[in-house]
Amino acid sequence: QVLLTESGGGLVQAGGSLRLSCAASADILGYRVMAWFRQAPGKEDEFVAGSAWSGGTTFYADFAEGRFTISTDNAKNTVYLQLNSLKPQDTAVYCCAAGAILSREKNRYLYWGQGTRVTVSS
């Protein structure tokens, strides 16, 4: 059983920054990729960013490119999502997910955390 626990969400003003963390249980190493998704109120889940644990391959949704950065710390079994230049439309619950194949598709990921809420005020 893989456990994922997110933290780091909160309330921030537009233009501010947050760093989200996703701590994974030790047996995460069998899953080669991690991703962040988000769900805004009244909207479908959407892909934000993904990375191999090796860090060599990362990719982003268009809205995240240039503002958000995904990174991994293998020693800590933790994946991060740095959120910069936040906008009110970034308000959502952000969840991390683990899988075997890099993908923007939610159904490619096998394990999910409970999420951490990010609220951006204008």
Side-chain angles (χ1 to χ4, degrees):
Q1 180 72 22
V2 173
L3 298 177
L4 303 175
T5 305
E6 301 95 337
S7 61
L11 174 64
V12 63
Q13 289 186 332
S17 298
L18 285 173
R19 188 174 82 153
L20 308 183
S21 300
C22 172
S25 55
D27 52 1
I28 193 67
L29 297 179
Y31 297 89
R32 295 166 51 194
V33 302
M34 298 294 293
W36 288 92
F37 287 77
R38 71 183 188 182
Q39 186 173 33
K43 295 187 177 180
E44 297 285 328
D45 290 351
E46 62 180 344
F47 171 79
V48 178
S51 176
W53 272 110
S54 65
T57 302
T58 59
F59 61 109
Y60 298 89
D62 288 345
F63 65 81
E65 195 78 55
R67 297 192 300 130
F68 299 173
T69 303
I70 188 171
S71 61
T72 58
D73 185 334
N74 289 13
K76 295 182 179 180
N77 284 352
T78 300
V79 61
Y80 303 97
L81 185 67
Q82 178 68 41
L83 309 174
N84 294 330
S85 302
L86 283 162
K87 305 173 181 179
Q89 54 263 47
D90 294 318
T91 294
V93 174
Y94 287 71
C95 294
C96 63
I101 300 172
L102 273 173
S103 174
R104 300 172 186 271
E105 300 299 322
K106 180 180 179 181
N107 60 11
R108 291 287 190 173
Y109 294 87
L110 303 175
Y111 294 98
W112 292 80
Q114 292 297 309
T116 185
R117 184 176 300 276
V118 172
T119 303
V120 185
S121 63
S122 58

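Throughout, residue positions are numbered sequentially from 1 according to the sequence presented.
Atom OG in Ser122 sits 14.0 Å away from atom NZ in Lys87 (nearest 0.5 Å). Summarising the geometry, atom CZ belonging to Arg19 is positioned 11.0 Å from atom CG belonging to Leu83; distances are rounded to the nearest 0.5 Å. Atom-to-atom distance recorded for Asn107:CG and Asp45:CG is 11.5 Å, nearest 0.5 angstrom. For the atom pair Ser7 OG and Gln114 CD, the distance stands at 13.5 Å (nearest 0.5 Å). The CZ atom of Arg38 sits 5.5 Å away from the CZ atom of Phe68 when rounded to the nearest 0.5 Å. Arg117 contributes atom CZ, which lies 9.5 Å from atom CD of Gln39 (distance to the nearest 0.5 angstrom).
Considering Ser51, Ser21, Cys22, Cys96 in turn, Ser21 is the only one that fulfils the side-chain contact (heavy atoms from CB on, under 4.5 Å) rule with Tyr80.
Linking Ile, Leu, Val, Met, Phe, Trp and Tyr residues whenever their side-chain heavy atoms come within less than 4.5 Å leaves Leu18 and Leu11 in two separate clusters. Both Leu81 and Phe63 are part of a single hydrophobic cluster, where members link through side-chain heavy atoms under 4.5 Å apart. In the hydrophobic clustering of this structure, Val79 does not group with Val93; members are Ile, Leu, Val, Met, Phe, Trp, Tyr whose side-chain heavy atoms approach within less than 4.5 Å, directly or through other members.
Counting all heavy atoms, side chain and backbone alike, Ala14 lies closest to Pro88 at CB-CD, 4.1 Å. When all heavy atoms of Thr91 and Val120 are compared, the pair lying nearest together is OG1-N, 2.9 Å. For the pair Gly9 and Leu20, the tightest heavy-atom approach, listed with the atom from each and the gap, is N-CD2, 3.7 Å. Tyr94 approaches Asp90 most closely through the heavy-atom pair OH-O, 2.7 Å. Ala98 approaches Met34 most closely through the heavy-atom pair CB-SD, 3.6 Å. The two residues Ser85 and Ser17 have their closest heavy-atom pair at N-OG, 4.3 Å.
The backbone N or O of Gln82 sits nowhere less than 3.5 Å from a side-chain atom of Arg67 that would complete a donor-acceptor pair. A distance-only check finds no donor-acceptor pair linking the side chain of Thr78 to the backbone of Asp73 [under 3.5 Å]. Here the side chain of Tyr60 pairs no donor or acceptor atom with the backbone of Gly66 at under 3.5 angstrom.
Other members of the cluster containing Phe59 are Val33, Phe37, Phe47, Leu102, Tyr109, Trp112, with ILVMFWY side chains joined at under 4.5 Å, either directly or via other members.
With sequence neighbours excluded, the residues forming a ring-ring contact (aromatic ring centres under 6.0 Å, His included) with Tyr111 are Tyr31, listed by chain and number.
Residue-environment remark: CZ (Arg108) stays at or below the threshold of 12 foreign heavy atoms within 6.0 Å.
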